[in-house]
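Here the structure comes first, spelled out in structure tokens, and everything after it is commentary.
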Amino acid sequence: MTSFSDLGLSPELLQAVADSGYTQPTPIQAQAIPYVLMGRDVLGCAQTGTGKTASFTLPMIDILAQGRARARMPRSLILEPTRELATQVAESFDRYGKHHKLNQALLIGGESMAEQEKKLDRGVDVLIATPGRLMDLFDRGKILMTDVRTLVIDEADRMLDMGFIPDVERIVSLLPRIRQTLFFSATMATEIRRLADAFLSNPKEISVAPPASPAATVVQSIVVVDAADKRDALRRLIESEEVRSAIIFCNRKRDVDILFKSLQKHGFDAAALHGDLAQSKRTETLESFKRGEIRLLVASDVAARGLDVDSLSHVFNFDVPHHAEDYVHRIGRTGRAGREGRSFTLATPEEGKNVQAIERLIGGAIPKIDVEGIPTLELSDEDRPRGRGRARKAEPRREAAAPAAERRPARTRRPKAAAEAPAPEVVAEAAVVEMAEQPAPVVAAERPERTERRPDARRESSRRERPAEAPRAEPAQPSARRPEPRPERRRDSGRPEATADMRPARAPVVPFRPERDNHGHRREREADDVPVLAFGDHTPAFLLRAAPRRA
DNA sequence: AAAAAAT
């Protein structure tokens with residue numbers, strides 16, 4: 001078994017590690033640290049909770065121990081997706097760097113810029129930042145990137161989810177080519193892999209299992225109640241459980257506020273945390289929660305990932321999260337370090353679809369329980385009904401347009417039988433197989449069919465259309481990129497076979513590309529130039545007519 | 001549909 005002293009770290013650093021009470025490196029630390037010390041690039045597939053942070057802070061401290069920073073020219077840069085995570089990394093440098101004299105600066109939004117500028121002027125060895133504030137300060141000329149020799153991109157998958165990748169790409173483009181890059185992500189979806197290829201050179205790839213799937217260490221239950229009963233149900237659950245400390249997740253920031261006030265009114269020891277609160281308040285709340293001064297933290301998904309709070313006894317989901325992955329991240333806040341944790345999810349019948357998605361992801365059903373005094377309902381497997389009048393009216397219209405075969409009596413069948421079989425066997429089986437192959441519970445992100453429905457999939461696909469990835473304008477073989485729609489699949493077009501057959505199979509598609517569009521605007525985006533294959537060469541006259549001027 | 005991040 002390796003110990004910290006086998007990894008090549010300096011005596012001062014080993015002392016700091018020992019002072020923190022750690023004796024054994026985690027797998028990712030044992031694997032990564034020697035390579036980081038060698039100066040190699042590292043591609044680490046690991047989640048939070050694996051000891052990932054120390055796997056780069058420790059060797060970086062030793063690397064940075066030699067040399068000195070010049071004003072405004074940081075020697076290393078660590079990018080984090082949220083302010084809280086950035087703060088945590090800064091704390092890690094504080095803890096392990098206490099025997100070194102490294103200057104660090106934490107550049108995050110919501111805090112005074114003057115302070116951060118002052119630190120930059122003094123010269124920083126370690127710069128820890130969220131992308132927005134970093135770019136802001138850079139654009140004001142407060143930072144020169146030319147001395148950055150070590151770059152860390154942490155939680156790349158989350159940066160992708162949050163739309164930070166363009167910022168990250170810009171920042172990386174400002175750095176010297178010759179540098180050491182450490183890149184961490186919980187998943188290696190294709191988009192992430194593409195970034196890694198762009199940023200890293202000959203990286204050492206390290207992949208560690210997630211810290212034990214929360215499914216194994218967290219005792220989960222779900223309660224299905226009416227929306228109006230949720231707060232009551234939650235209070236009863238908290239009272240019937242031995243809640244030492246807990247995070248209660250809501251999907252929306254305003255619901256965080258509402259629930260927080262309600263709990264306070266009922267005499268619970270609670271605080272609220274979400275991204276609309278002042279940063280000072282966020283920091284203060286999180287600190288006192290970590291110190292155990294507050295028992296219940298009502299939070300948005302800011303707190304879902306990566307936050308390192310010891311000894312949470314419970315996680316409550318006041319709402320079913322929109323993305324199944326978030327469920328795993330949320331309940332993963334408890335049951336850490338081998339301790340037992342419990343999670344309770346409050347669902348309304350309309351959230352049934354989301355519950356199914358979660359059960360598919362974790363490969364099993366979440367046991368349903370009753371809360372005494374609250375009527376238990378059944379999960380629905382219908383799509384959430386939207387609004388009142390509007391949705392109702394819209395529906396028949398859609399069905400009238402659909403081919404007869406697909407039409408079905410609006411909502412006559414599907415009472416209980418359907419509701420009680422939430423995940424068809426096939427799907428459940430698939431989930432199990434995937435869990436086995438890909439231990440990370442975030443697998444769904446890598447499944448192409450699934451990504452269509454995820455919000456960031458849109459970003460991904462629009463990226464894919466950029467010239468670099470998908471050189472188009474190969475008129476010779478349009479069918480290779482976009483197969484002709486087969487006639488039998490076409491619905492409802494009045495003259496089903498016509499368009500496909502009227503064109504010779506291999507006719508070159510030379511799209512008509514006027515310099516300006518019908519509104520007189522210059523065309524700029526290439527996406528506009530993609531030929532509309534569905535119409536063949538024929539563009540219906542109404543599309544060519546100038547659009548009526550809008551007021 | 002929502003949250004995260006720059007003001």
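Here is the naming used below: chain letters follow the sequence lines, and residue numbers restart at 1 for every chain. Just the heavy atoms: all of them, side chains too, but no hydrogens, waters or symmetry mates, feed the values below.
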remark   = A:Phe164 has its side chain closest, among B:dA5, B:dA4, B:dA6, to B:dA5

request  = Provide, to the nearest angstrom, the distance between the CG atom belonging to A:Asp319 and the P atom belonging to B:dA1.
outcome  = 15 Å

request  = Verify, without hydrogens or angle tests, whether A:Thr283 (side chain) and A:Gln279 (backbone) share a donor-acceptor contact under 3.5 angstrom.
outcome  = yes

task = Please state how far atom NE2 in A:His323 lies from atom C1' in B:dA2, giving the value in whole angstrom units.
result = 8 Å

ask   = Any side-chain N or O of A:Arg83 under 4.0 Å from OP1/OP2 of B:dA6?
value = yes

inquiry  = Rounded to whole Å, how long is the line connecting atom NZ of A:Lys253 with atom C1' of B:dA5?
reply    = 10 Å

ask   = Just how far, in rounded Å, is C1' of B:dT7 from CD of A:Glu111?
value = 15 Å

inquiry  = Using a 4.0 Å cut-off on heavy atoms, which residues in residues 116-131 of chain A reach DNA chain B? List them by number, or say none.
reply    = A:Thr130

query = Between A:Arg330 and A:Asp301, is there a salt bridge with N-O shorter than 4.0 Å?
reply = yes

note = A:Asp139 atom CG is separated from B:dA6 atom C1', nearest whole Å, by 10 Å

ask   = Under 4.0 Å: is that the gap between some side-chain N or O of A:Ser300 and OP1 or OP2 of B:dA2?
value = no

ask   = What class does the angle between the rings of A:Phe56 and A:Phe184 fall in, given that below 30° is parallel, 30 to 60° is tilted and above 60° is perpendicular?
value = tilted

message = Once you apply a heavy-atom cut-off of 4.0 Å, does A:Asn251 come out as touching a base, just sugar-phosphate, or nothing?
response = sugar-phosphate

key: Rounded distance in Å - CG (A:Asp326) to P (B:dA2)   = 14 Å

task = Taking only the side-chain nitrogens and oxygens of A:Arg133, find out if one of them lies under 4.0 Å from OP1 or OP2 of B:dT7.
result = yes

message = One thing to verify: whether A:Lys142 and A:Asp136 come together as a salt bridge, which I'm taking to mean a side-chain N less than 4.0 angstrom from a carboxylate O.
response = no

request  = Compare side-chain N and O positions of A:Arg282 against OP1 and OP2 of B:dA4 and report whether any pair is under 4.0 Å apart.
outcome  = no

request  = May I ask you to decide if A:Val320's main-chain N or O and A:Asn251's side chain share a donor-acceptor pair within less than 3.5 Å?
outcome  = yes

Pair listing, salt bridge (charged side-chain N to carboxylate O under 4.0 Å, His left out) test, anchored in residues 220-232 of chain A, at least two apart = A:Lys230-A:Asp319, A:Lys230-A:Glu351, A:Asp232-A:Arg235, A:Asp232-A:Arg236

inquiry  = I need the CD-P distance between A:Gln279 and B:dA6, as an integer number of Å.
reply    = 9 Å

task = Starting from C1' on B:dA3, measure out to CZ on A:Phe249 and report it in whole angstrom.
result = 12 Å

Charged N-O contact under 4.0 Å between A:Arg75 and A:Asp125 = yes

ask   = Charged N to carboxylate O under 4.0 angstrom, A:Glu115 versus A:Arg122?
value = no

note = Under a 4.0 Å heavy-atom cutoff, the residues of residues 270-278 of chain A touching DNA chain B are A:His274, A:Gly275

message = Please evaluate residues A:Arg179 and A:Thr181 with respect to the criterion side chain to side chain donor-acceptor pair (under 3.5 Å), reporting the C-alpha separation (whole Å), side-chain torsions for both, the decisive distance (0.1 Å), and the verdict.
response = CA-CA 6 Å; A:Arg179 55 157 204 266; A:Thr181 305; 2.7 Å; yes

